[in-house]
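Report on one structure; see the data block that follows.
First listed ligand is number 1; within each ligand, the first listed atom is number 1.
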Amino acid sequence: LCEQGLTEIKQAKNEAALNQVRIKLVGRKSELTEILHSMKNVEPKNRREIGQKVNELRDLFNEKLDEAKAKILKTIEKEQLEQEKIDVTLPGRKSHLGVKHPINIILDDLEKYFIGMGYEVVQGPEVETDHYCFEMMNLPKDHPARDMQDTFYIDAEDLLRSQTSGDQARVLEKFDFTKGPLKMVGPGKVYRRDDDDATHSHQFMQMEGLVVDKNITMGDLKGTLEMMTRHVFGQDRKTRLRPSYFPFTEPSVEMDVSCFNCDGKGCSICKYTGWIEVLGAGMVHPNVLENAGVDSNTYGGFAFGVGLDRFAILKYGIDDIRDFYTNDVRFLEQFSKEE
Ligand code: PHE
């Protein structure tokens with residue numbers, strides 16, 4: 001019985017089989033239990049010896065069963081470790097990183113540039129009110145120049161802003177001029193009712209600029225814009241200001257830079273003029289200051305508005321503005337090394 005039991009324990013290959021063996025050898029219906037139950041048939045003088053033997057055998061079985069169980073558990077663990085083994089020398093799986101959008105590359109760069117010059121970056125709402133977008137900017141309801149910007153109206157008062165210029169009014173209204181000059185840039189999306197084609201998009205990015213203090217001159221405006229355009233397009237760019245019209249600036253100008261393709265000699269990109277228009281600007285109209293409660297006899301300043309899509313198109317030589325908004329990664333990834 002002893003030997004047979006021990007072999008059976010050895011042969012049990014898994015936990016279930018071992019349990020069967022355990023029931024058979026030391027369970028309630030095992031031979032050992034039976035022997036113990038039938039002790040009354042044994043001669044009294046032999047009882048003690050047989051009882052002892054049976055108990056010893058049961059202890060031995062139990063011990064061996066426990067050992068076998070521990071061994072089986074260990075193999076299971078080993079197998080599991082084997083299966084879940086990680087080869088730390090394998091190359092990692094690459095996660096695909098996105099890239100910065102070309103317009104954001106220019107925007108982030110310009111923000112950094114202006115922060116370095118002491119400007120604050122502000123952000124107005126994209127759903128703007130007629131009040132800030134137009135009225136405060138010297139464009140009353142019947143002003144013919146409202147037609148310059150075909151606007152998406154939401155209702156009589158709310159609109160998708162057609163320009164970031166409303167940010168000027170929002171900042172001017174709150175600014176405390178005893179604390180020093182006002183210098184801010186306000187980047188953001190703007191919307192106009194345009195049919196999308198290679199050069200028009202109903203949504204694009206603008207960056208507003210505003211400086212107001214005592215004794216600000218057109219020279220300050222010219223210097224600021226010249227530095228910025230050279231920062232973006234290269235230090236050897238020449239610039240010029242042309243007279244223009246905006247309701248919120250007087251005088252108003254547009255800035256051109258010398259064509260970086262033909263260096264002013266004339267090519268198809270600059271339509272053989274040698275110049276490329278890059279932005280609109282001017283000296284802040286006194287009405288804009290007064291509308292915001294700023295004394296236009298004491299304070300004055302300049303403002304500019306930059307189309308960031310236009311900057312990106314010119315800088316990277318892109319021929320279709322829609323490429324910025326269709327987000328084809330093959331297009332976008334070309335600019336990731338620009339930073
Ligand atoms: N808001 C003008 C535009 O959208 C640009 C501009 C801004 C012009 C500030 C002058 C001053 O065209």
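Across all non-hydrogen atoms, the minimal contact from Gln163 to Gln206 is CA-OE1, 3.3 Å.
Residue contacts with ligand 1 include Arg192, since one or more of its heavy atoms lies under 4.0 Å from the ligand.
Considering backbone and side-chain atoms alike, Gln206 places an N or O below 3.5 Å from some N or O of ligand 1. Checked against a 3.5 angstrom limit, the closest N/O atoms of Gln163 and ligand 1 fall inside it. Considering backbone and side-chain N/O atoms, Ser165 comes within less than 3.5 Å of an N/O atom of ligand 1.
Using modelled atom types and a 3.5 Å distance limit, the side chains of Gln334 and Tyr316 yield no donor-acceptor pair. Between the side chains of Tyr191 and Asp150, no donor-acceptor pair is found at a separation under 3.5 Å.
The nearest heavy-atom contact from the protein to atom 7 (C) of ligand 1 is Gly305 N, 3.3 Å.
In this structure, Asp194 does not pair ionically with Arg192, as no charged nitrogen and carboxylate oxygen lie closer than 4.0 Å. For Glu8 and Lys64, the salt-bridge test fails: no basic side-chain N is under 4.0 Å from an acidic carboxylate O.
Within the 3.5 Å criterion, the main-chain N or O of Met117 finds a donor-acceptor partner in the side chain of Lys183. With hydrogens and angles ignored, the 3.5 Å screen pairs a side-chain donor or acceptor of Thr151 with a backbone N or O of Gln149.
For atom 8 (C) of ligand 1, the choice among Phe246, Phe302, Phe304 with the nearest heavy atom turns out to be Phe246.
For ligand 1, the atoms lying closer than 4.0 Å to a non-hydrogen atom of Gln149 are 3 (C), 4 (O). Contact atoms of ligand 1 toward Gln168: 9 (C) (distance under 4.0 Å to a heavy atom of the residue). Each of the atoms 7 (C), 9 (C) of ligand 1 lies under 4.0 Å from some heavy atom of Glu208.
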